[in-house]
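Okay, structure first, notes after.
Each chain gets a letter, A, B and so on, in the order its sequence line appears, and its residues count up from 1.
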Amino acid sequence: MSKLRIKKHNHALNRSFAGDLSINGVLLVFGVFMFFPMYYTIVQALKPLNELWMFPPRLYVVNPTAKNFTDLFSLMSTSWVPFSRYIFNTVFISACGTFGNVMLSSFAAYSLAKIKFPGRKVLFNIIVYSLMFNTTVAGITNFITMSALKMVDTYLAIIIPAMGSSLGLYLMKQFMETSVPDSVLESARLDGASEWNILWTLVMPMVKPAWLTLIIFSFQGLWNQGASVYVFSEELKTFPYAISQIVTGGIARAGASAASTVVMMVVPILVFVVSQSNVIETMSSSGMKD
Amino acid sequence: MANSKTAEAKRRLLPHEMSKAQYTWHEMKKNKVAYLLLAPFYIIFTMFTILPVILSLVISLTNFNMLEFPDFVFMDNYIRLFLDDDIFLIAVKNTLIFAAITGPVSYLLSLLFAWFINELSPKMRALVTLIFYAPSISGNVYLIWTTLFSGDQYGLVNAFLIETGFISTPIQFFTNTSYIMPLVIVVALWTSLGTSFLSFIAGFQVVDRSLYEAGAMDGIKNRWQELWSITLPSMKPQMMFGAVMAITSSFGFGAIITALVGFPSPEYCAHTIMHHLDDYGGQRFEMGYASAIATVLFFMMIGSNMVIKKLLSKVGQ
């Protein structure tokens, strides 16, 4: 056992069997704790009404049904605004916000990481400090800014602030700094390539894990975006908002509520599964120096 | 292109003769494109992150209500907050308890699990990472906890306790003030293995392997010693980043609490500064007062980050 591990890991020194056992034990216990609520959500979503309200509640489903999902969609069709509109809104907001955030962060990250200009330290430190507070504390005065810019009650009220989110810029800058060698850029500059060309043809392909990660983080945030205080028109509201309105309907909707949660969680989880290795690669350079 | 070259040549004659300001200006002109690339991001960032912080500092000194022109009231809002507003003091207490527990615990759990997961084979590693990370990205999946701990006999926990004979009537978990705080803390922790957790997972994978071999030669006997004297010191940057993320999110769990116990929570037992801010800023439109709340919260977050950064920089010294 331990010999095998030496081959696989290259560093299976100092590993006792008892230690391996207890590590696996701890992971198993907490893994069950982490996974059980997710599992139970899915089970609830598949339960027919009589199984949802039986005592004692079952941890598994006997007659799985898709009725909760069809209920969810028929409840949706009774809404005042066509339900496809909510879905369109969320997809549109997620797509535009993510695209904008990735683009603007890439430009700024390249500049901060690879061009030596006066002020780069200060500008980057501001980003680091901004990670230290939750942006909701800044939210209350945003209404003033947004009404001045005539952004209230438009898609832009959600999309534009999302483009300026600093975590993405931070991760991207750190990754570019560690994974793009300066010598490559120097020789391209000597060949007369413009910074713009260097960014697009040299740097962006090299930092693919970083922008994939950024797409995921940005997308997750926007996909889960519920009601915004800056948007009042029903036809501009998002899918999570509409779903939350449906599921506050009490007993009869307990199944539909679980079904809606499943619908909402499937997308971000799938996106993460597909790109996990890229995310981990990006996060390896996320470190902060003091 | 040609233009900037001649300009550069002209100036190259006297580089050491330039004053500091002149040199900076020269460098700025040379790197015009850098500022062009920065501009779009920083304009938006300034408008929606920097400006609001400054603006709310200023507005917190006024009695702005969005309708009339604000009057300058100086420290009145802060005096009212700390001397007259009992609910705010409850909110401060709850926020501090909440942050002091969820912040460090989620940080340590992230680190511990990331370390354990790193000991697994690569395939298992990917699977277990997903299981631990999933709750933090799954939207409102934390609502399932209201079903698990629901106050009737259909709640799993109540059903289990009744079946096994511990209790005869269901416990009202989400209305009984002595259960609410512990419960929301557990749920918050459940959703808290997020960005910092991933950063640690990655950090463990990039530690230089040869250090471990060298360590073994130097007489490191078990994985605890290895963790303490080799792994952690070389992941210090990730640990710093993880701490910042953990602190920031530990102050921002308001939405989860509202979803679980409603707003306002029974007897304000889970009322945090975030809720107080929302109450005055989003519902009563007392913007001056709300800005004062926001400013207090802002300095609490920045302050605790500074303290933790100081502490962490001592690790391994």
Look up atom [atom1] in [X] and atom [atom2] in [Y], then write down how far apart they are to the nearest 0.5 Å.
{"X": "B:M47", "Y": "A:M151", "atom1": "CE", "atom2": "CE", "answer": "6.0 Å"}
{"X": "A:E195", "Y": "B:N31", "atom1": "CD", "atom2": "CG", "answer": "7.5 Å"}
{"X": "B:L37", "Y": "A:L104", "atom1": "CG", "atom2": "CG", "answer": "11.0 Å"}

Practice task
Kindly indicate, with the supporting measurements, whether the criterion side-chain contact (heavy atoms from CB on, under 4.5 Å) is fulfilled by A:T261 and B:I144.
Solution key: CA-CA 9 Å; A:T261 309; B:I144 192 66; over 6 Å; no
Against chain B, label [X] side chain, backbone, both or neither, depending on which of its atoms sit under 4.5 Å from a heavy atom there.
{"X": "A:P268", "value": "both"}
{"X": "A:M103", "value": "neither"}
{"X": "A:I115", "value": "side chain"}
{"X": "A:S166", "value": "both"}
{"X": "A:I144", "value": "side chain"}
{"X": "A:Y110", "value": "side chain"}
{"X": "A:F143", "value": "side chain"}
{"X": "A:S165", "value": "backbone"}

Do you know which of [options] has the most heavy-atom pairs under 4.5 Å to chain A?
{"options": "B:V128, B:T195, B:I273", "answer": "B:T195"}
{"options": "B:G281, B:G139, B:A39", "answer": "B:G139"}
{"options": "B:L156, B:V244, B:I44, B:L109", "answer": "B:L156"}
{"options": "B:V206, B:V141, B:V53, B:N158", "answer": "B:V141"}

Practice task
Let me know if B:M245 has heavy atoms under 4.5 Å from chain A in its side chain, its backbone, both or neither.
Solution key: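 Contact with chain A involves the side chain of B:M245 alone.
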Exercise for the section: Below 4.5 Å from any heavy atom of chain A, which atoms of B:F204 appear? Answer side chain, backbone, both or neither. Expected result: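 No part of B:F204 comes within 4.5 Å of chain A.
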Less than 4.5 Å apart, any side-chain heavy atom of [X] and any of [Y]?
{"X": "B:M274", "Y": "A:N134", "value": "yes"}
{"X": "A:L27", "Y": "B:F132", "value": "yes"}
{"X": "A:Y129", "Y": "B:T49", "value": "no"}
{"X": "B:T248", "Y": "A:L131", "value": "no"}
{"X": "A:N24", "Y": "B:L120", "value": "yes"}
{"X": "B:V33", "Y": "A:W196", "value": "no"}
{"X": "A:M34", "Y": "B:W190", "value": "yes"}
{"X": "A:I126", "Y": "B:F45", "value": "yes"}

Exercise for the section: Decide if atom CZ of A:F33 counts as having more than 12 heavy atoms of other residues, nucleotides or ligands within a radius under 6.0 Å. Expected result: yes
Leading residue by heavy atom contact count with chain B [cutoff under 4.5 Å; candidates [options]]:
{"options": "A:S105, A:S130, A:P37, A:S106", "answer": "A:P37"}
{"options": "A:N142, A:T141, A:I216", "answer": "A:T141"}
{"options": "A:V279, A:L171, A:L123, A:V273", "answer": "A:L123"}
{"options": "A:Q174, A:K116, A:R120, A:Q225", "answer": "A:K116"}
{"options": "A:P161, A:S277, A:G221", "answer": "A:P161"}
{"options": "A:L169, A:L112, A:T282, A:V266", "answer": "A:L169"}

Exercise for the section: Go through B:S199 and A:S286 one step at a time and tell me if the side-chain hydrogen bond (donor to acceptor under 3.5 Å, both in side chains) criterion holds. Expected result: CA-CA 7 Å; B:S199 174; A:S286 65; 2.8 Å; yes
Identify the heavy atoms of [X] and [Y] that sit nearest to each other, and give their distance.
{"X": "B:E27", "Y": "A:P118", "answer": "CB-CG, 3.6 Å"}
{"X": "B:I131", "Y": "A:G31", "answer": "CG2-O, 3.9 Å"}
{"X": "A:S111", "Y": "B:A34", "answer": "OG-O, 2.9 Å"}
{"X": "A:S285", "Y": "B:Q238", "answer": "N-NE2, 4.5 Å"}
{"X": "B:A202", "Y": "A:M283", "answer": "CB-C, 3.5 Å"}
{"X": "B:M301", "Y": "A:F133", "answer": "SD-CA, 3.8 Å"}

Handout entry: B:Y133 and A:F272 aromatic ring geometry - parallel, tilted or perpendicular at 30°/60° bounds
Key =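 Rings of A:F272 and B:Y133: tilted, as their planes differ by 30° to 60°.
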Exercise for the section: Please work out whether the ring planes of A:F30 and B:F113 are parallel, tilted or perpendicular, with thresholds of 30° and 60°. Expected result: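 The rings of A:F30 and B:F113 sit tilted, inter-plane angle from 30° to 60°.
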Practice task
Go through the steps to decide whether A:I23 and B:R223 satisfy the test side-chain contact (heavy atoms from CB on, under 4.5 Å), and finish with yes or no.
Solution key: CA-CA 11 Å; A:I23 280 180; B:R223 61 184 114 205; 3.5 Å; yes
Problem - Intermediate values then yes/no, side-chain contact (heavy atoms from CB on, under 4.5 Å), B:L130 and A:F35 - result: CA-CA 10 Å; B:L130 176 67; A:F35 183 65; over 6 Å; no
Practice task
Determine yes or no for a side-chain-to-main-chain donor-acceptor pair under 3.5 angstrom, with A:N224 supplying the side chain and B:N140 the backbone.
Solution key: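 Absent.
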Problem - Sidechain-backbone polar pair: A:Q276 side chain, B:A126 backbone, donor-acceptor under 3.5 Å - result: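 A pair under 3.5 Å: yes.
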Practice task
For a side chain to side chain contact (heavy atoms under 4.5 Å, CB included) with B:I137, tell me which candidate from A:I269, A:V271, A:V267 qualifies.
Solution key: A:I269
Practice task
Could you pull out all residues at least two apart from B:Y142 that satisfy ring-ring contact (aromatic ring centres under 6.0 Å, His included)?
Solution key: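 Per chain and number, B:Y142 pairs via ring-ring contact (aromatic ring centres under 6.0 Å, His included) with no residue.
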Problem - Candidate pair B:F41 and A:F107, rule ring-ring contact (aromatic ring centres under 6.0 Å, His included), full reasoning - result: CA-CA 8 Å; B:F41 182 93; A:F107 299 162; over 10 Å; no
